[in-house]
J.: 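Let me give you the structure first, and then I'll get to my questions.
One is the number of the first residue; the rest follow in order along the sequence.
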Amino acid sequence: MADHHDMLGKTFFAILTEAAPGTTRERLGATLPAHLDHQVRLEQEGILFAAGPLDAEDGSRRGLIVIRAESFEEARRIADTDPFHAQGLRTYTVERWTVNEGSYTVRLTYSDQRLALD
């Protein structure tokens, strides 16, 4: 049996996003390149852990951005810099996520497919 005191306890912040009321696909599409550039910059700075769309069974779509931050306030400051949020196209909530179980062996930077042992 696992010793629960030895679990990882690594804290991340999850930013859950959804389209703001009245936002059109055209406006989202026009801002998408700036949003993706922003995500890659956060990734390269070591802030972004993972990000991507969440597709529900009912066909609705939200976004999930998992970041490294020290507090809810810092996580909100980071979320506010996303062009989708800054332009009012998407709204978000922030939740703290504590990772206790799981594993990975290599570091993969998604945007340019670099691998490194961590």
J.: Please lay out, stage by stage, how Tyr92 and Arg76 fare under the test side-chain contact (heavy atoms from CB on, under 4.5 Å).
T.: CA-CA 9 Å; Tyr92 70 86; Arg76 280 192 292 277; 3.8 Å; yes
J.: Can you give me the closest heavy-atom contact between Phe72 and Arg96, atom names plus distance?
T.: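 Minimum heavy-atom separation between Phe72 and Arg96: CE1-NH2, 3.3 Å.
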J.: Output all residues satisfying side chain to side chain donor-acceptor pair (under 3.5 Å) with Gln39, sequence neighbours left out; order by chain, then residue number.
T.: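 Side chain to side chain donor-acceptor pair (under 3.5 Å) list for Gln39, sorted by chain: empty.
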J.: Between Gly88 and Ala20, what is the shortest heavy-atom contact and its length?
T.: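 For Gly88 versus Ala20, the nearest heavy atoms are O-CB, 3.3 Å.
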J.: After noting the C-alpha distance and the side-chain angles of Asp82 and Leu42, does the key distance pass the side-chain contact (heavy atoms from CB on, under 4.5 Å) rule?
T.: CA-CA 10 Å; Asp82 185 313; Leu42 291 178; over 6 Å; no
J.: Quick one: closest heavy-atom pair of Arg114 and Asp112, and the distance?
T.: NE-OD2, 2.8 Å
J.: Output all residues satisfying salt bridge (Lys or Arg N to Asp or Glu O under 4.0 Å) with Asp80, sequence neighbours left out; order by chain, then residue number.
T.: none
J.: Could you name each residue pair satisfying side-chain hydrogen bond (donor to acceptor under 3.5 Å, both in side chains) that touches residues 9-20, not counting sequence neighbours?
T.: Thr17-Arg90
J.: Could you pull out all residues at least two apart from His35 that satisfy ring-ring contact (aromatic ring centres under 6.0 Å, His included)?
T.: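 Listed in chain order: Phe84.
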J.: What pairs meet the salt bridge (charged side-chain N to carboxylate O under 4.0 Å, His left out) rule with one or both residues in residues 35-50, with sequence neighbours excluded?
T.: Arg41-Glu45
J.: If you take all heavy atoms of Val94 and Ala75, which pair is closest and at what distance?
T.: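 Val94 and Ala75 have their closest heavy atoms at CG1-CB, 3.8 Å.
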J.: Pair up each side-chain donor or acceptor in residues 58-71 with any protein partner under 3.5 Å, not counting sequence neighbours, and list the distances.
T.:
{"from": "Asp58", "atom 1": "OD1", "to": "Ser60", "atom 2": "N", "distance (Å)": "2.8"}
{"from": "Asp58", "atom 1": "OD1", "to": "Ser60", "atom 2": "OG", "distance (Å)": "2.6"}
{"from": "Arg61", "atom 1": "NE", "to": "Asp55", "atom 2": "OD1", "distance (Å)": "2.7"}
{"from": "Arg61", "atom 1": "NH2", "to": "Asp55", "atom 2": "OD1", "distance (Å)": "3.2"}
{"from": "Arg61", "atom 1": "NH2", "to": "Asp55", "atom 2": "OD2", "distance (Å)": "3.2"}
{"from": "Arg68", "atom 1": "NH1", "to": "Gly46", "atom 2": "O", "distance (Å)": "3.2"}
{"from": "Arg68", "atom 1": "NH1", "to": "Leu48", "atom 2": "O", "distance (Å)": "3.2"}
{"from": "Ser71", "atom 1": "OG", "to": "Glu73", "atom 2": "N", "distance (Å)": "3.4"}
{"from": "Ser71", "atom 1": "OG", "to": "Glu73", "atom 2": "OE1", "distance (Å)": "3.4"}
{"from": "Ser71", "atom 1": "OG", "to": "Glu74", "atom 2": "N", "distance (Å)": "3.0"}

J.: Show me the donor-acceptor pairs, under 3.5 Å and distance only, between side chains in residues 24-33 and residues at least two apart or in other chains.
T.:
{"from": "Thr24", "atom 1": "OG1", "to": "Arg27", "atom 2": "N", "distance (Å)": "3.1"}
{"from": "Thr31", "atom 1": "OG1", "to": "Arg27", "atom 2": "O", "distance (Å)": "3.1"}
{"from": "Thr31", "atom 1": "OG1", "to": "Gln87", "atom 2": "OE1", "distance (Å)": "3.4"}

J.: Report whether Ile47 and Val99 are members of the same hydrophobic cluster (ILVMFWY, side-chain heavy atoms less than 4.5 Å apart, transitive linking).
T.: no
J.: By ring-ring contact (aromatic ring centres under 6.0 Å, His included), which residues pair with Tyr110, not counting sequence neighbours?
T.: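 Listed in chain order: nothing, the list is empty.
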